[in-house]
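Residue indices begin at 1 and follow the sequence shown.
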Amino acid sequence: VIDASPSMIDQVGDRADVVSTSYSAPEYAFIAWNSRRPEFADPVVRRALTMAIDRETLVQAVLGGNGTVAPGPVGPWHWAYDPAWTPIPYAPEQAAALLEGAGWTDSDGDGTIDRDGEPFSFELLATPRRDWAAIQTLVQASLGQVGVEVEPVVREQGALIPLVIGADRRFDAVIIGWARDVPLND
């Protein structure tokens, strides 16, 4: 079995007739923020959102520790990777300050930040994978701590893809997986 879940590994972990091997796969998952949406247009806001998400906890909770937080869009298996890169830190207090600096404050004391009377609220799309649902829940909790409302939405891949790649980009944010399928010298 390739890409076994932590629960699958736990089920067979003590069996003498099963060998479990962990290896670094040339793939990763990420949240694509739709920068065409006003709330995601500012790169400082996108950075703040990333800083507010405890990605190391995601790796532990969703992957059973069988993964790492990526330092960027190019993995260590690619020729353009720079080992000096470091992941954006988990820093919710700094994230909240960045959001406030970008004009997002809780002006009415309801726990949700807003700007010009509009609450920071968005849909986080994903396909119906158990690990994506877990990520949606953890992201919702993390961003809720800095006053951002996240509504997890699940769509079958056939319905989700046109929303993401269509010319009008009809999505707020989406969890996407990427796997290397080209030669390493490309």
Side-chain angles (χ1 to χ4, degrees), residues 2-6 22-92 94-95 98-99 101-102 120 122-143 146 148 150 152-155 157 160-186:
I2 296 176
D3 199 19
S5 69
S22 179
Y23 62 92
S24 180
E27 62 185 24
Y28 59 90
F30 62 96
I31 297 174
W33 313 108
N34 186 350
S35 61
R36 294 182 183 180
R37 298 279 199 237
E39 58 269 54
F40 302 118
D42 184 348
V44 171
V45 169
R46 296 192 304 269
R47 181 177 183 83
L49 295 174
T50 301
M51 293 172 74
I53 299 169
D54 187 352
R55 295 173 325 279
E56 186 58 46
T57 294
L58 287 176
V59 168
Q60 297 302 317
V62 177
L63 300 176
N66 295 308
T68 58
V69 175
V74 177
W77 32 262
H78 194 276
W79 63 266
Y81 177 76
D82 183 345
W85 291 340
T86 58
I88 293 173
Y90 171 57
Q94 188 178 353
L98 289 173
L99 289 167
F120 200 144
F122 69 91
E123 291 183 347
L124 177 56
L125 297 176
T127 56
R129 290 178 47 173
R130 181 177 39 215
D131 51 348
W132 283 173
I135 291 170
Q136 285 176 308
T137 300
L138 291 166
V139 168
Q140 181 182 42
S142 288
L143 293 181
V146 295
V148 177
V150 178
V153 176
V154 176
R155 296 274 188 267
Q157 186 165 341
L160 186 141
I161 297 300
L163 298 175
V164 175
I165 66 170
D168 55 353
R169 303 285 200 270
R170 294 173 294 153
F171 75 98
D172 297 327
V174 60
I175 299 171
I176 297 176
W178 185 88
R180 182 190 60 78
D181 62 353
V182 295
L184 290 179
N185 61 354
D186 279 356

Measure the CZ-CG distance between Arg46 and Leu49 for me, rounded to the nearest 0.5 Å. 9.5 Å
With rounding to the nearest 0.5 angstrom, report the CD1 to CZ distance, Ile165 to Arg170. 11.0 Å
Minimal heavy-atom distance between Ala95 and Ala48, with the atoms involved, is CB-O, 3.2 Å
Contact summary for Trp33 and Ala173, nearest pair of heavy atoms: CE3-CB, 3.7 Å
Could you please spell out the steps behind the side-chain contact (heavy atoms from CB on, under 4.5 Å) verdict for Leu143 and Phe120? CA-CA 10 Å; Leu143 293 181; Phe120 200 144; over 6 Å; no
Checking side-chain contact (heavy atoms from CB on, under 4.5 Å) for the pair Val45/Leu99: CA distance, chi angles, key distance, verdict? CA-CA 6 Å; Val45 169; Leu99 289 167; 4.0 Å; yes
Heavy-atom closest pair (Gln140 atom, Pro152 atom, distance to 0.1 Å) is NE2-CD, 3.4 Å
How about Leu160 and Val174: do any of their side-chain heavy atoms sit closer than 4.5 Å? yes
Not counting sequence neighbours, which residues clear side chain to side chain contact (heavy atoms under 4.5 Å, CB included) with Ile175? List them please. Ile31, Leu124, Ala126, Trp132, Ile135, Gln136
Value for CD1 (Ile88) from OG1 (Thr50), rounded to nearest 0.5 Å, stands at 5.0 Å
Which residues satisfy the side chain to side chain contact (heavy atoms under 4.5 Å, CB included) test with Ala141, sequence neighbours excluded? none
Closest non-hydrogen atom pair between Pro87 and Ala70, with its separation: CB-O, 3.8 Å
How close do Ile176 and Ala32 get, counting heavy atoms only, and between which atoms? CD1-CB, 4.1 Å
Is the backbone of Val153 close enough, under 3.5 Å, to the side chain of Glu123 for a donor and an acceptor to pair up by distance? no
Check whether any side-chain heavy atom of Pro128 sits under 4.5 Å from a side-chain heavy atom of Val154, and report yes or no. yes
Drop me the distance from Arg55's CZ to Leu138's CG, to the nearest 0.5 angstrom. 13.0 Å
In this structure, CZ of Phe171 is separated from CZ of Phe122 (nearest 0.5 Å) by 11.5 Å
Expected output: side-chain Asn34 to main-chain Arg169 donor-acceptor under 3.5 Å: yes
So Tyr81 and Trp85, would you call those rings parallel, tilted or perpendicular, with 30° and 60° as cut-offs? perpendicular
For Tyr90, all residues meeting ring pair (Phe, Tyr, Trp, His ring centres under 6.0 Å), sequence neighbours excluded: none
